Amino acid sequence: MIFLNKKGGEKLLSIWWIFALAVIGAGVVLSVLAYHSVGIDIREVEANIIYEKIVSCVVKQGFLIDELTEKDFDVFEKCQLNKEIFGEGSDFYFNIQIFNETDYLMKEVEGGDFSFEKDCEIQEGEEGVTAKYYPKCVREREVALYYKDNKIEEVTLEILAASNQAGRKVSVVR
Amino acid sequence: MNKKGAATDVIYPTVIFIIVNIIFISALLIFVFRSSGGVIVYEQAYAKQIALLIDSAEPVMEIKLNMKEGMELAEENKISFEDIVKIKDNVVTVKLGERGGYSYSFISDVDVNAYPDESLDGNYIIIINKPNIEA
């Protein structure tokens, strides 16, 4: 057994105290750094913006625009979406499906990273899978009217919009 | 040892102990406050806010954004206010410190110009135009 006199006890206590301070300091610093490294997640807001941009350009006053059913319809030009941003390796995805009254798929238009569709389905599934690096998705159905052979028909638009943009710290600003 | 010597033996370690603790707690608090209101947080917040504003806007539109906190941080780091926001090729980059900046993309196919508002200190004006139309 080691017996310490008063001075020895104080020295031992001060070593433990420095150790305690170091542990507390490291804990606070790591917590703050971890908190700030998470970032501000606006992917869901972005997915909503994509959805709203698409709806507002393909449906005008409750009617589906005529161009949408044309073969050479360019959704990027019509909805003022940047084609390059939705190109290869994109952080975004959208899918527009138009169903008639009998639920027949009349037309499908999509853009961006196609793999997001599966990721969104997995998250929407019964298991409710969530993953940090999965895209944030918005799937909405809209009812619109459509002229066909001088008759007004009802169509349903199913729009899926997804974003997985993380943003980045850059070392050089030009 | 006399009584005076014994008293100083007790007081000095206690005083040093208290001073060390105060310095330690102060350093931690300064670190936490500087981190929470720091360049990294504001750069990210402004870049994302501007990208969302552009995506939500319709051409032709003018947006005025209050960036007073950003301006103060930039002044501390000797960054000119007109160099804070750069928008090029659908990417918004905000720089408030000496170490680079933060970039975020917007999806709209629009021409965007951003410059400081000369009539109101700390404000930035963002002009959104249709593509290929000069502001």
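Throughout, protein chains are lettered first and strands after them, A, B, ... in sequence-line order, and every chain is numbered starting at 1. What you are looking at is a predicted structure, and each value in this text was computed from that prediction instead of being measured.
With a 4.5 Å cut-off on non-hydrogen atoms, Phe106(B) touches chain A through its backbone but not through its side chain. When heavy atoms are compared at a cutoff of 4.5 Å, Val20(B) approaches chain A solely by way of its side chain, counted from C-beta outward. Neither the backbone nor the side chain of Ala51(B) comes within less than 4.5 Å of any heavy atom of chain A. Using a 4.5 Å cut-off between heavy atoms, Phe76(A) makes no contact with chain B at all. Lys53(A) touches chain B through its side chain: at least one heavy atom from C-beta onward sits under 4.5 Å away, while N, CA, C and O do not.
Between Val55(A) and Leu157(A) the shortest side-chain heavy-atom distance does not fall below 4.5 Å. Contact of the Met71(B) side chain with the Asp121(B) side chain is registered, since non-hydrogen atoms from C-beta on lie closer than 4.5 Å. In this structure, the side chains of Lys64(B) and Leu120(B) stay at 4.5 Å or more apart for every pair of heavy atoms.
When each of Leu33(A), Val29(A), Val28(A) is scored by its heavy-atom pairs under 4.5 Å with chain B, the top score falls to Val29(A). Of the residues considered (Ile85(A), Ile40(A), Val45(A)), Ile40(A) shows the highest number of contacts with chain B, using heavy-atom pairs under 4.5 Å. Interface summary for chain A: among Asn21(B), Asp89(B), Val110(B), the most heavy-atom pairs under 4.5 angstrom belong to Asn21(B). Residue with the most contacts toward chain A among Gln44(B), Glu43(B), Glu58(B): Gln44(B) (heavy-atom pairs, distance under 4.5 Å). Among Gln80(A), Gln165(A), Glu46(A), the residue making the largest number of heavy-atom pairs under 4.5 Å with chain B is Gln165(A).
Between Tyr146(A) atom OH and Ile98(A) atom CD1 the span is 8.5 Å, to the nearest 0.5 Å.
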_Would Asn113(B) and Tyr115(B) count as a side-chain hydrogen bond (donor to acceptor under 3.5 Å, both in side chains) here? Give the steps._
CA-CA 7 Å; Asn113(B) 285 304; Tyr115(B) 52 87; over 6 Å; no
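Hydrophobic clustering places Leu21(A) together with Val32(A) (ILVMFWY residues linked when any side-chain heavy atoms are closer than 4.5 Å, directly or through intermediates).
Nearest heavy-atom pair, Lys68(B) versus Tyr46(B), reported as atom, atom and distance to 0.1 Å: N-OH, 4.2 Å.
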